Structure formats: C-alpha cells, structure tokens
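Quantities reported herein were computed from a predicted structural model and do not represent experimental measurements.
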Amino acid sequence: MTATPLRIGNFSGFYGDRLDALREMLTGGGTDVLTGDYLAELTMLILARDRLKDPGAGYARTFLRQLEDCLGLAHERGVRLVTNAGGLNPAGLADAVRQLAGRLGIPVRVAHVEGDDLTARYPGSLAAHAYLGGFGIAACLRAGADVVVTGRVTDAALVTGPAAAHFGWSATDHDRLAGAVVAGHVLECGTQATGGNYAFFRGAGDLRRPGFPLAEIHADGSSVVTKHPGTGGLVDTGTVTAQLLYETAGARYAGPDVTARLDTVRIGPDGTDRVRIEGVRGEAPPPGLKVGVNRLGGFRNEVVFVLTGLDIEAKAALVREQMTDALAKSPPAQARWELIRTDRPDAATEETASALLRLVVRDPEREAVGRALSGAAVELALASYPGFHVLAPPGKGSPYGVFEDAYVPHGEVDHVAVLHDGRRVPVPPPQDTAVLTDVPEPPLPEPLPPGPVRRAPLGLVAGARSGDKGGDANVGVWARDDRAWRWLAHELTAERFRQLIPEAAALPVTRHVLPNLRAVNFVVEGILGEGVAAQARFDPQAKALGEWLRSRHLDIPEALL
C-alpha cells in the first residue's frame, strides 16, 4: 500500500458543464487523476431517448469533444481520466475514444465498466440502471488503463475507484473507503465546492468563473479539498459543508461499496483554499443495490397567460373558467394552475405591471394535451380578459418521464471490468453487508440564553443547499459558528420547517441532526412528484428550495444579527 497522496480533480459536474474545464485542470497544476461526472436522473432519461433514435448513441458526446482537444495533453502529463460519460453505452464510448486516439496518434489504453444495465428486467422502462461502486474502476486502473469509461456508477465511485487502486484498499477497508466517498461527494458537482451556487456568495471572492475542485487523498482515507492556484471562487469550510449536505439525508450515507457515517465527518481549515476532511467512519454497505428506473409517464403541455394591471385575480378567474369549459369535452388527466404575482402597483414598466398565470396539463395521450389545449388557448385571443396574451403559444405536447427507485441484491448484477486488452474481469459483490437502520438522535447543544429577538430572514444566520432524489427533496441548513448553531438546532424543527415552507405542510418531513457540521438536514417526501423529468413543480429539482427557506422570516436573537 503506497503512502503517497493521490491528487484527484473534477472537470465536469453534469452533462453540459464547461467544455474547457478539462484543459483548465490539466494546465492549472498537478493532478494524478481527473474525473468527469455527466450523469443525473434526468440525464439518463435524455440519453435513453437518444438511444431510441440511434442504438449507437446513449453516451455523453461532449466528452469526446473535450478529448479532441485534451487527450494528448493528458497523455503527456500522465494524468488518467475516469468518467461516467458512458451513460447507457459505455462500450460504445470506449470504442469511440479508441478511434479518436488512433486518429490523433495518441497511444492510450482505454477500459470500461459494464453490468449496470438492468432495463430488460423492468418491462416498460426506457432505462433501468444499477448504481455500481468503484471496484470495477479500480480493476481497470490496476491493469494500466489511461482512460476508464463507466455507465451508471455512484458519483463518488469515480473517486473511490482510483483511491482503492492507488492505495491497494480492499472491500473491507470501510473507514478508508468512507473517507474517499465523502471526498468524492464533495468533488462530484464540480464548482459547487468552490463557491458555485453558494448561499454566502457575496463573500466568496471572484465568482465569475470558479475553479474546479480537487482532493488530495491520503492512505487513511482523509483528504484535503482545494483548487488550482489563481482560479476563481474559494474553498472554505462553508463551501465544503454546503456540498456535503447536498442530496444527502441522515447520518448514514449508503453506497454500493460502503456506508459512510456523515455524523463522524470532521472538517477544518488547512490553509488558504484548503479544507481538511478526516475522522470519517465507514460501515458495510447495504445488501441491495439501488436501481434507477426511468419510464415514460405520458405527455405534458403548458401555456402561460400574462395578466396586466388591475383586477389580476378576476382576470385569472375568468380565463380559468373559460379554459375549463373549453377542455370539458376531453379534459386532460391532470391540470394544474399557478398564479405567479410578479406584478407591482403603479408600475413603471408593463412587464413589472404583469402577473403570470401558468396552466400545466398532463395525460397519457398526446392529443389530450396537444391540439385540444392549443386550440382552446388561441381561440380566447379576442374573447377573454382585457390585455390577453400569452408568453408563447402552446405546442403539440411533449413526453415526460417518471423516475423511481428499485433495489436488487448485489449478486444479481454482473459487475464487470473490461480491460484495455479486452479481458473481462468480474467484480465480486461485497462479502459483508448491513441493513440500514436509523442512527439515534444525537444530543443537541445548549440553547442560547433568553434575550431580545428581531424578525429577520433565516439566511442572515444560516446557509442552505437543496436538491432532488427522485420525488423527494432535501434541504441542508448549517450555521457558520457555534452560537448560531445553538439557536438553529433548537429553532429549526421539522414542524417549523413546515410552517416556513407551506408546500411541505401536508408532506412527511424528517429532520436529521449533524452536530459536527453544525447542520440539520431535512428530507421532504413527495414534494417533487414523480421526479425531475415529470416537472411537477415550478422548481422541479428543488435547487432553490433552500434559498426560499433562507428568505423566510422568523424571530432571531439580536445577538446573532
């Protein structure tokens, strides 16, 4: 087992991230491995629809564009590339990389990982893929691969695989693997770890172009998160805490290789733009592998009516009645109205004098949300409220997807590393597994002594980051110092969350307390309906749910303001 730290950087946080980030990471400083994360629940559906049109598609084509520019540079500097850009077709992307390398005259060894595709087991699904761990990646790297392409692995596996290969970790090195999982979770979303989408962005330095993050991982699983010198943004305990809370839930963060205990994570400054992560404990992974199943849910359409000036509520009521009558003969299966009050009294511009009334319809049949809706809306052009117009005429209706989780035993998935020389190496399932259980609620800090309070936004004393997991959303909220934590831990209960976020009032809300991070993490079940692809909500991925929470007013001790 080597003691030399492994420097792993990220050059992509999603399908559509900065194309030149790979070059930035290769030229900005030394790294051993660079990882590119391209997959999300919605991305899998997009790639599945691509594959319907072209069976040879199904992978992130932008990765090839990045390699066209940077493969020679990576080879020259000895930097290995690991990416899940293979999506639904990792073998196809691996072949495309080999062809590109041959055309460029660059002698690179390309391997890939497969076995995640379980679509055939789920009739009617467009894509059903198991979330694999990092040991297939490790096998490819140990055999000498320069580029490793995967399909659906966990985001953190892009880091645990290289770390396991470098340090010689085995599947039972739970603490070390858990440390790498935490580092991988910080890196996976790219610039979200360096000031992007950060609650306290006004104090985060030059954010016009944040640098991408990297982690120096040590043999014991500890790490230091940083970025290349001279790049934008910042790395501090706040940016790292925000990303640690992103799309997580309770103290146990389960994955296919290990369950990381987020309640054991200790973070602290380690110099300018450097944050040390240590103390992470790991447990055996759960007995089942998560499978993300994407299906076609039906068809949707929408129209946004612009209501200007006086009598906004009455105008909305009129057009709603008219549309309901027009669609009565063949009503869509679902119709949702939202009145968005962007109007102001005595406004200086027509735009700021206007509100938006949004109608979203869904149905298993395209026709019910296509011509029927567009005809009804257009026919009202001269026969409805004064000032009638819409943002855009409704189209023909478009398909939407739904996402659901399923689970299969590890042993039912053929996890295989396909090495650069064509050899196929089976990756065995973990020998030890443990059923997930809740961690006992930790003790809360001493509350602040009584004192005067002031009505003010929560965001003056707390940061937040939110995201989606299927139809659920999580909102992680953290305090920046111990005094604010002593107040936050007692004040922001699940019930108070429901009061501040009325959309969650009737939904199950679970609060998880993470004292080491001075954080509470809320999971709101069902707020996103059937997932992002169904677009059931104005903010379908709950990206801004945390910022809405921070804008809500409550009584805050004056000592904190």
Q: Determine, for Arg295 against Glu530, whether the closest basic-nitrogen to carboxylate-oxygen distance falls under 4.0 angstrom.
A: no
Q.
Checking the side chain of Ser466 only, and the main-chain atoms of Gly546 only, is there a donor and an acceptor separated by less than 3.5 Å?
A. yes
(Q) Check the orientation of Tyr198 and Trp478. Use parallel for under 30°, tilted for 30 to 60°, and perpendicular for over 60°. (A) parallel
**Q.** Donor-acceptor contact below 3.5 Å, side chain Asp555 vs main chain Val453
**A.** no
Q. Taking Asp539 for the side chain and Ala544 for the main chain, is one N or O donor matched with an acceptor at less than 3.5 Å?
A. yes
(Q) Using a strict threshold of under 4.0 Å (side-chain N to carboxylate O), is an ion pair present between Arg51 and Asp117? (A) yes
**Q.** Non-hydrogen side-chain atoms of Leu500 and Leu492 separated by less than 4.5 Å
**A.** yes
Q.
Any non-hydrogen side-chain atom of Phe63 less than 4.5 Å from a side-chain atom of Leu93?
A. yes
Q: Determine whether the side chains of Thr194 and Thr191 contain a donor N or O and an acceptor N or O closer than 3.5 Å.
A: no
**Q.** By salt bridge (Lys or Arg N to Asp or Glu O under 4.0 Å) - contacts of Arg320 (at least two apart)
**A.** none
Q | Test log, rule salt bridge (Lys or Arg N to Asp or Glu O under 4.0 Å), inputs Asp481 and Arg483 | A | CA-CA 6 Å; Asp481 58 48; Arg483 287 196 311 158; 5.1 Å; no
Q.
Between Arg341 and Asp343, does any NZ, NE, NH1 or NH2 come within less than 4.0 Å of an OD or OE carboxylate oxygen?
A. yes
Q) In terms of heavy-atom contacts, does CZ of Arg121 have more than 12 from other residues, nucleotides or ligands at under 6.0 Å? A) yes
Q. Do Leu245 and Arg465 touch side chain to side chain, with heavy atoms closer than 4.5 Å?
A. no
Q.
Less than 3.5 Å apart, any donor N or O on the side chain of Asp37 or Asn10 sitting next to an acceptor on the other?
A. no
(Q) Taking Glu24 first and then Arg209, would you say they form a salt bridge - that is, a charged N and a carboxylate O separated by under 4.0 Å? (A) yes
Q: Hey, could you give me each pair passing ring pair (Phe, Tyr, Trp, His ring centres under 6.0 Å) that has a residue in residues 347-398? Not counting sequence neighbours.
A: Phe305-Phe388, Tyr385-Phe388
**Q.** Side-chain donor/acceptor of His490 to backbone N/O of Pro445, under 3.5 Å
**A.** yes
Q) Does Asn301 reach the main-chain N or O of Val369 with its side chain, forming a donor-acceptor pair under 3.5 Å? A) yes
Q: Would you mind checking if Arg65 and Glu68 are paired as a salt bridge, meaning a charged N to carboxylate O distance below 4.0 Å?
A: no
(Q) Show me the pairs that pass ring pair (Phe, Tyr, Trp, His ring centres under 6.0 Å) and involve residues 500-535, at least two apart or across chains. (A) Phe497-Phe522
Q: Using the six-membered ring wherever Trp is involved, compare the ring planes of Phe11 and Tyr38 and label them parallel, tilted or perpendicular (cut-offs 30° and 60°).
A: perpendicular
Q: Answer yes or no: is there an ion pair linking Asp54 with Arg61, defined by an N-O contact shorter than 4.0 Å?
A: yes
Q | Residues Asp69, Arg23: salt bridge by 4.0 Å N-O rule | A | yes
Q: Say whether, by atom type as modelled, one donor and one acceptor occur between the side chain of Glu338 and the main chain of Arg358 under 3.5 angstrom.
A: no
Q) If only atom types and distance count, is the side chain of Asp17 paired as donor or acceptor with the main-chain N or O of Gly190 below 3.5 Å? A) no
Q) Quick one: does Val159's side chain get under 4.5 Å of Leu187's, heavy atoms only? A) yes
(Q) Using modelled atom types and a 3.5 Å cut-off, is there a donor and acceptor pairing between side-chain atoms of Asp311 and backbone atoms of Lys315? (A) no
Q.
I'd like to know if the side chain of Asp116 and the backbone of Gly151 have a donor-acceptor N/O pair within less than 3.5 Å.
A. no
(Q) Tell me whether Phe538 at atom CZ has more than 12 heavy atoms from other residues, nucleotides or ligands lying less than 6.0 Å away. (A) no
Q) Below 4.5 Å, heavy atoms only, C-beta onward: do Leu444 and Val513 meet side chain to side chain? A) yes
Q. Below 4.5 Å, heavy atoms only, C-beta onward: do Thr43 and Phe14 meet side chain to side chain?
A. no
